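Here the structure is a predicted model, which is why all the values come from computation and not from measurement. Throughout, protein chains are lettered first and strands after them, A, B, ... in sequence-line order, and every chain is numbered starting at 1. These numbers come from the heavy atoms of this one structure, side chains and all, not from hydrogens, waters or symmetry mates.
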Amino acid sequence: MNIADKVLRAKDDFNAVFDAGKQAEYDMFWDSFQENGNKTTYNYAFANGGWDATTFKPKYDIKPKSAQYMFYTFSTSDDKLYDLKSRLDSLGVKLDFSQCTAFNSCFAYSHSQNIGVVDTRSASSITGLFAYWGYGRTIEKLILKDDGSQSFANNFNDAKLIKHMIVEGVIGKNGFNVQWLTTLDKESITSIVNALSTTTSGLTVTLSKTAIASAFGITSTQVETPTEGSEWYMLRHSKDNWTFSYV
Amino acid sequence: MEIIIRASEGMWLTDGENYGKTISLAEGVSVEAYHEITAEEYEKILEEQKAAIEPM
């Protein structure tokens, strides 16, 4: 082997050792942090700043049973993390909330913009879930319990940029308030109204008049007093057992 | 018949739990269920809600 080949061989050996070291470092951290995939308490797990594409690389599927403040003020200047759903998909990591019983302020103040499915069916109450999520744009799906028994409080306060959120399940209590979501699209608004329980009485849902007017191509006045037979009229009056509060 | 109530300028309507500018009442719900509060009072309620979601 001549000198040049020896140098190249040494370089390759070094790179292999370096990469092995980095992999070991990665494994050591995430095996510990995620308890070899068994971690279920994710309270504050990804809260606060400093995350970027090199540091936010979970190794195992994320399956919280408790996700309080999990992404609270999750801040980054790395645009690869803005789409949290895509980022996790690219890592082959699932974020599975289906067993989660505590969601308090999970995404509050987070800098991520797009998230996937948030399955809340194991939680009896949801508080502050997307509150002050000023960067949030889309939630692929918000799944609620089918029995309408969940209570809601302050889940969307000031989350002004959310434009898409499909709701499944049943809204059976007061407190579902999306007044700040002024650009919410038609499919999302429709899903919210469709999710309203048909068996309750005296409950209120709060919606953005601006969002409805834009989504359904009607005037502000027509949101409040829709033209008989119009699309919004049919949707609103599919739930005459509900009070609609418009902001 | 649908009953709509609208808050006065600068005011909000509330039933003590829900808040809005215009209320389209459900069947069987009385207008008397709602009363007006000032914008300042509503702002205070929002501040309380904000404090409630912060970490302890």
| request: Cation-pi check, A/K173 to A/F176: give yes when NZ or CZ is under 6.0 Å from the six-membered ring centre and within 45° of the ring axis, no otherwise. | output: no
| said: Can you tell me which portion of A/K209 sits under 4.5 Å from chain B's heavy atoms? Options are side chain, backbone, both or neither. | reply: side chain
| request: Report the option among B/V29, B/L25, B/I4 that has the most heavy-atom pairs separated by less than 4.5 Å from atoms of chain A. | output: B/L25
| request: Under the side-chain hydrogen bond (donor to acceptor under 3.5 Å, both in side chains) rule, collect the residues that match up with B/Y19, sequence neighbours excluded. | output: none
| request: Applying ring-ring contact (aromatic ring centres under 6.0 Å, His included), run through A/F156 and A/W180 and close with a yes or a no. | output: CA-CA 7 Å; A/F156 301 97; A/W180 298 271; 8.3 Å; no
| message | If you count every heavy atom of other residues, nucleotides or ligands that lies below 6.0 Å from B/K21 atom NZ, does the total exceed 12? | response | yes
| note | Honestly, the part of A/T204 sitting under 4.5 Å from a heavy atom of chain B is both
| message | At a heavy-atom distance under 4.5 Å, which candidate from B/T22, B/L46, B/I23 has the highest pair count against chain A? | response | B/T22
| Which bit of A/D240 comes within less than 4.5 Å of chain B, counting heavy atoms only: side chain, backbone, both or neither? | both
| chain B heavy atoms under 4.5 Å from A/E224: which part of the residue, side chain, backbone, both or neither? | both
| request: Output all residues satisfying ring-ring contact (aromatic ring centres under 6.0 Å, His included) with A/Y132, sequence neighbours left out; order by chain, then residue number. | output: A/Y109
| query | So which part of A/Y69 gets closer than 4.5 Å to some heavy atom of chain B, the side chain, the backbone, both or neither? | reply | side chain
| Does NZ or CZ of A/R87 fall inside the cone over A/F56's six-membered ring, less than 6.0 Å from its centre and within 45° of the axis? | no
| query | Which answer fits B/E27, side chain, backbone, both or neither, if we ask what part of it has an atom under 4.5 Å from a heavy atom of chain A? | reply | both
